[in-house]
Amino acid sequence: MKKPQLATNLSENLEKLNVNREKASKLFADVIEKAVKKSKPDTTALLEKDLDVETDLDNQLANEPAPLKIAVLGGGSFGTAMANLSSKNGCDVTLWVRDKRSVKSMQKTHINKKYLPDHKLDERLQFTHDLQAAVKGKDLIFVAVPSAAFRETLQKIAPFISAQAIVSLTKGMEKDTFALMSDVIADELPNVAFGVMSGPNLAKEIMNNMPSATVIASQSAALRLAVQTALHSAFFRVFASDDLIGVELGGALKNIYAIAMGMAAAYDIGENTKAMILTRALAEMSRFGVQAGANPLTFLGLSGVGDLYATCSSTLSRNYQIGNMLGRGMSLDQAIKKLGQTAEGINTIQQVNEKAMKAGIYMPITHALHDIIYEDKAPLGVALNLMEAGFRSDVEFVMPHQVQPKHN
């Protein structure tokens, strides 16, 4: 099988961008240094020297490659936020949205009225409902559609893919197959370089320029650099990882525990209980991740405990919201209808519960949520059973577990 790789010109462009920026900085520094050292400058001579430096600088910048060409597929809150951020960074960005009417509205107002109604988008950002026009000739394609539509979207863009790289922004698992989005990319676009991005990234906070960070995971160093170049800014840091499985699982699994936290909040739990849920959730995530081949240390980073904390603590989280509605007595259908957006954790609970049962992975919180949501068991009764479970050691992978019989 052909080894996936980025187009040579993209890798070269990224190197040139960094080299040229370094040269430009040195040239500017040289101008400043000369101006400071001369207490009684010969104005004409200094002006001539500055003009020479300025000409040199113009020549350097003229050789700088064109900005990265980027397509973002999916006009939800996070896809829109990432498209806006990369456009503000000077990239040539097109946001693809399925609905033609929404595209016309955004072209006219530069506002995503459905998902980010309070934020004006960058004026340079382009919008389209034409999938071929969106992806053709781009360097990077960020895919930010719901997991249920992820494979179909890749199948539709496959005829127009040449040397583009694919980056998944979708956190979740494909229904019925347990495939992560990276698995789907490998299935549908086997010769394309790809990566996954995950972290504590609530879109509205990013749009409000609140300092945030994310992780780009890929086996390709050039792809990681490309994503960092496109998105890194004063308010948004982009860290790198080569643990695709760990980063992606962190982003998918934390949705389960956001639902648990939202449900628990409906019962006015205390800070002790919240802390217990968070730490036991992290233990479950790392157990499951290691079984799948991830590095357990990845779950101590942004895509693990960072995303878990943000999603479980914020009422902006869709999964937290749906858990809270379920805890207040709404049916699943009612909660989904009221939310009006996809809560990936609902599907993930079903997928992970089945996988954990088959593989013998101890995931009591996940099993409990499955019982409540899909088997109609009473939340309080399930919670009491959780508290009566056998004894275990505290930190995963440090001490062996000695599960004791239940005690009364």
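Because the structure is predicted, anything quoted here is derived from the model rather than measured. The basis for the numbers below is simple: all heavy atoms, side chains too, and nothing from hydrogens, waters or symmetry mates.
Here the side chain of Asn319 pairs no donor or acceptor atom with the backbone of Ala258 at under 3.5 angstrom. With hydrogens and angles ignored, the 3.5 Å screen pairs a side-chain donor or acceptor of Thr279 with a backbone N or O of Met276. Using modelled atom types, one side-chain atom of Arg287 and one backbone atom of Tyr362 make a donor-acceptor pair closer than 3.5 Å. In terms of modelled atom types and a separation under 3.5 Å, the side chain of Thr311 and the main chain of Leu308 share no donor-acceptor contact. Without hydrogens or angle criteria, Glu152 side chain to Ala149 main chain gives no donor-acceptor distance under 3.5 Å. Side-chain N or O atoms of Asn89 include one that pairs as donor or acceptor with a backbone N or O of His232 at under 3.5 Å. Asn295 contributes a side-chain N or O that, together with a main-chain N or O of Leu297, makes up a donor-acceptor pair within less than 3.5 Å. No donor-acceptor distance shorter than 3.5 angstrom exists from the side chain of Glu188 to the backbone of Ala158, with no hydrogens or angles considered. Asn201 places a side-chain N or O within 3.5 Å of a backbone atom of Ala213 that can act as its donor or acceptor partner. Put simply, the side chain of Ser168 never gets that close to the backbone of Ile166: no donor and acceptor are under 3.5 Å apart.
Between Ala134 and Ala71, the shortest heavy-atom contact is O-CB, 3.1 Å. Heavy atoms only, all atoms of each residue included: Val184 and Ala179 are closest at CG2-CB, 4.0 Å. Scanning all heavy atoms of the two residues, the minimum distance from Ala144 to Gly79 falls at CB-CA, 3.8 Å. Taking each heavy atom of Ala335 and Met325 in turn, the nearest pair found is O-CE, 3.6 Å. Contact detail for Ser303 and Gly246: the closest heavy-atom pair is OG-O, 4.5 Å. Residues Gly251 and Lys254 approach most closely at O-CE, 3.1 Å, considering heavy atoms.
How far OG1 of Thr94 is from CZ of Phe127: 9.5 Å, rounded to the nearest 0.5 Å. The distance from the CG atom of Asn255 to the OG atom of Ser317 is 7.0 Å, given to the nearest 0.5 Å. Thr366 contributes atom OG1, which lies 8.5 Å from atom CZ of Phe288 (distance to the nearest 0.5 angstrom). Taking OG from Ser313 and CG from Leu278, the interatomic distance works out to 6.0 Å, rounded to the nearest 0.5 Å. Taking NZ of Lys204 as the reference point, atom CZ of Phe78 lies at 15.0 Å (rounded to 0.5 Å). Atom CG of Leu249 and atom CG of Asp243 lie 8.5 Å apart (nearest 0.5 Å).
Residues Ser286 and Glu396 have side chains that never bring a donor and an acceptor to within less than 3.5 angstrom of each other. Inspection of the Gln107 and Ser105 side chains reveals no N or O donor paired with an N or O acceptor under 3.5 Å. Side chain to side chain, His367 and Asn353 meet the donor-acceptor criterion of an N or O pair below 3.5 Å.
One finds a salt bridge joining Asp307 and Lys171 here, because a Lys/Arg side-chain nitrogen approaches an Asp/Glu carboxylate oxygen to under 4.0 Å. For the pair Arg124 and Asp122, the salt-bridge criterion is met [side-chain N within less than 4.0 Å of a carboxylate O]. Classification of Arg224 and Asp242 as a salt-bridged pair fails, no side-chain N sitting under 4.0 Å from a carboxylate O.
Contact annotation: the side chain of Asn209 never approaches that of Phe236 to less than 4.5 Å [non-hydrogen atoms, C-beta and beyond]. Side-chain contact between Leu73 and Ile157: present, with at least one pair of heavy atoms (C-beta onward) separated by less than 4.5 Å. You'll find the side chain of Leu125 stays beyond 4.5 Å of the side chain of Met106, heavy atoms only. Side-chain atoms of Leu244 and Leu180, non-hydrogen and from C-beta on, never get closer than 4.5 Å to each other. Residues Val227 and Phe142 form a side-chain contact, since some pair of their non-hydrogen atoms from C-beta on lies under 4.5 Å apart. Between Met197 and Met82 there is a side-chain heavy-atom pair separated by less than 4.5 Å. Residues Leu302 and Phe239 form a side-chain contact, since some pair of their non-hydrogen atoms from C-beta on lies under 4.5 Å apart. The shortest side-chain heavy-atom distance between Glu174 and Phe150 does not fall under the 4.5 Å cut-off.
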Checklist line | Test log, rule side chain to side chain donor-acceptor pair (under 3.5 Å), inputs Gln164 and Ser162 | finding: CA-CA 6 Å; Gln164 301 97 316; Ser162 50; 3.2 Å; yes
Next item on the list: Before giving the answer on side chain to side chain contact (heavy atoms under 4.5 Å, CB included), spell out for Asn112 and His119 the whole-Å C-alpha distance, their side-chain angles and the decisive distance to 0.1 Å.
Entry: CA-CA 8 Å; Asn112 187 332; His119 297 87; over 6 Å; no
Notebook entry, point to check: Passes side chain to side chain contact (heavy atoms under 4.5 Å, CB included), Trp96 versus Asp130? Steps please.
Noted result: CA-CA 7 Å; Trp96 173 81; Asp130 184 332; 5.8 Å; no
Check: Hey, mind stepping through Glu284 and Arg280 against salt bridge (Lys or Arg N to Asp or Glu O under 4.0 Å) and telling me if it holds?
Finding: CA-CA 6 Å; Glu284 284 194 21; Arg280 298 325 301 162; over 6 Å; no
Next item on the list: Using the side chain to side chain contact (heavy atoms under 4.5 Å, CB included) rule, take Met207 and Leu121 through it: C-alpha gap first, then chi angles, then the decisive distance, then the call.
Entry: CA-CA 9 Å; Met207 292 297 293; Leu121 302 174; 3.7 Å; yes
Next item on the list: Show your working on side chain to side chain contact (heavy atoms under 4.5 Å, CB included) between Ile373 and Ile349 and close with a plain yes or no.
Entry: CA-CA 9 Å; Ile373 294 171; Ile349 288 169; 3.8 Å; yes
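Heavy atoms of other residues, nucleotides or ligands lying less than 6.0 angstrom from CZ of Phe178 number more than 12.
Thr348 is linked by a side chain to side chain contact (heavy atoms under 4.5 Å, CB included) to Met173, Ile256, Val352, counting only residues two or more places apart in sequence or in another chain. Applying the side chain to side chain contact (heavy atoms under 4.5 Å, CB included) test to Glu123 and every residue at least two apart in sequence or in another chain returns His110, Lys120.
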